[in-house]
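To start, the structure under review is shown below, and the notes come after it.
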Amino acid sequence: MTTAPNPPPQTALFLPASNARAIEKARGLAAEMIVLDLEDSVREEDKARARDAAVAAAAEGFGNRLVAIRVNGEDHDCHAADVAAVAGSAADFLVVPKVETTALALKVAATGKPVLAMIETPAGVLAAAAIAAVPGIAGLIAGVNDLRATLGVPADSGRAGIGYALQAIVLAARAAGGWALDGVYNALEDEAGLAEDCAAGRLAGFDGKTLIHPNQIAVAARAFGPSEAEVADAEALIAAATGGAERFRGRMIEAMHVEQARTLRARGGRG
């Protein structure tokens, strides 16, 4: 694992690097990370053009937003060219799909660009802890659609069939000290369902949510960002703590809870 910037993004928006209009629109969106995609959302005949567009967009930047580029998978003809292009780009992160082995993690991390490894298969889940521990891996992203497909779980089954896999991804990331980003939610017009999915992700320990449409940003930001009441409680806890175990608002707190409160306060104070 390599140290990633803090705090981690609560919202990370995927968009096809072949879509110039989407790239331009993203410069005015509130997502904290923009992920320029070269993989699933880009047609085969557009792969090379998308790569050049992603590198150019990263060079221009997206204001204060983090920028990542997702390359094609290891088994794709464009993989090597994609990785080389991202390594030399201004992107903050290299996103690699379907990471299943430490060998692949070591190879992409050797570029020197911080890597976000997508865990999308049973093999990836079982190797997640070892992958996350590789120097240069900044965090893990849950690839929920491929997880459902490779596990044989119905596509519209929610989180139930992949709950163990999702928790394993969080555990692996936390053990290595890196980020854990939750997978996407496919139903674009189901705001209530998205809110429920985000709430479940936060309860599982994920830092933020990967998204596939600008309309999902506000919902995810509310879910993963602390409420005003949570921030106020954290402020009061920090002010009241004097060291050691003590009583605060009817519950016992100690140094660990103070650190949690400081982390929550930092997440609530972002612009």
Side-chain angles (χ1 to χ4, degrees), residues 1-14 31-37 65-71 73-74 83 86-87 89 91-144 146-147 162-184 198 200-211 220 223-226 256 259-260 262-264 266-267 270:
M1 186 66 71
T2 192
T3 302
N6 280 307
Q10 294 170 359
T11 52
L13 177 66
F14 279 91
E32 294 178 346
M33 174 183 278
I34 301 298
V35 185
L36 302 166
D37 187 28
R65 298 164 189 81
L66 294 169
V67 181
I69 301 176
R70 178 169 71 170
V71 300
E74 185 181 24
V83 171
V86 178
S89 76
D92 299 296
F93 295 94
L94 164 63
V95 178
V96 183
K98 297 180 180 64
V99 180
E100 296 182 325
T101 65
T102 55
L104 176 56
L106 285 163
K107 183 176 75 171
V108 293
T111 64
K113 185 73 70 177
V115 175
L116 296 173
M118 296 195 70
I119 306 299
E120 306 184 73
T121 64
V125 171
L126 293 177
I131 291 167
V134 169
I137 302 298
L140 304 179
I141 299 175
V144 294
D146 281 281
L147 273 173
I162 57 173
Y164 171 82
L166 294 175
Q167 200 63 67
I169 291 168
V170 174
L171 287 168
R174 289 292 174 265
W179 293 351
L181 298 181
D182 199 5
V184 301
C198 288
R202 186 181 177 196
L203 285 174
F206 283 102
D207 294 304
K209 185 77 168 169
T210 53
L211 311 168
F224 281 92
M256 173 188 69
E259 285 304 308
Q260 287 179 319
R262 286 177 176 149
T263 298
L264 186 145
R267 288 178 69 81
R270 61 180 71 198

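Every residue meeting the side-chain hydrogen bond (donor to acceptor under 3.5 Å, both in side chains) condition with Arg202, not counting sequence neighbours, appears here in chain and number order: Glu230. Among residues two or more places apart in sequence or in another chain, the side-chain contact (heavy atoms from CB on, under 4.5 Å) test is passed with Ala204 by Gln167, Phe206. A search for side-chain contact (heavy atoms from CB on, under 4.5 Å) contacts involving Thr101 returns Ala103, Leu104, not counting sequence neighbours. Remark: Arg262 pairs with Ile238, Val258, Glu259, Arg265 by the side-chain contact (heavy atoms from CB on, under 4.5 Å) rule, at least two apart or across chains. Under the side-chain contact (heavy atoms from CB on, under 4.5 Å) criterion, Ser89 pairs with Val55, Ile69, Val86, Ala91, Lys113, sequence neighbours left out.
Shown here for Ile131 and Thr102, the closest heavy-atom pair between the two residues is N-CG2, 4.0 Å. Here the shortest heavy-atom pairing between Leu66 and Pro9 reads CD1-CD, 4.4 Å. Considering every non-hydrogen atom in both Thr210 and Leu181, the closest pair reads CG2-CB, 4.2 Å. Here the shortest heavy-atom pairing between Ala132 and Leu140 reads CB-CD1, 4.0 Å. Between Ala31 and Thr11, the shortest heavy-atom contact is CA-OG1, 3.4 Å. Across Lys209 and Gly183, no two heavy atoms sit closer than the pair NZ-O, 2.7 Å.
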Using the side chain to side chain contact (heavy atoms under 4.5 Å, CB included) rule, take Leu147 and Ile169 through it: C-alpha gap first, then chi angles, then the decisive distance, then the call.
-> CA-CA 12 Å; Leu147 273 173; Ile169 291 168; 4.2 Å; yes
Run the side-chain donor-acceptor check on residues 117-124: report pairs under 3.5 Å with partners two or more places apart or on a different chain.
unit_1, atom_1, unit_2, atom_2, d
Glu120, OE2, Lys98, N, 2.7
Thr121, OG1, Glu100, OE2, 2.6
Thr121, OG1, Gly124, N, 3.1

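Atom CZ in Phe14 sits 10.5 Å away from atom CG in Leu36 (nearest 0.5 Å). With rounding to the nearest 0.5 Å, the separation of CG in Leu166 from CG in Asp182 is 6.0 Å. Note that CZ of Arg65 is 10.0 Å distant from CD of Glu32, once rounded to the nearest 0.5 Å.
Using a cut-off of 4.0 Å between Lys/Arg side-chain N and Asp/Glu carboxylate O, Asp207 and Arg174 are scored as salt-bridged.
Here the side chain of Asp92 pairs a donor or acceptor atom with the backbone of Val67 at under 3.5 angstrom.
Side-chain contact between Leu116 and Met33 is present, with heavy atoms from C-beta onward closer than 4.5 Å.
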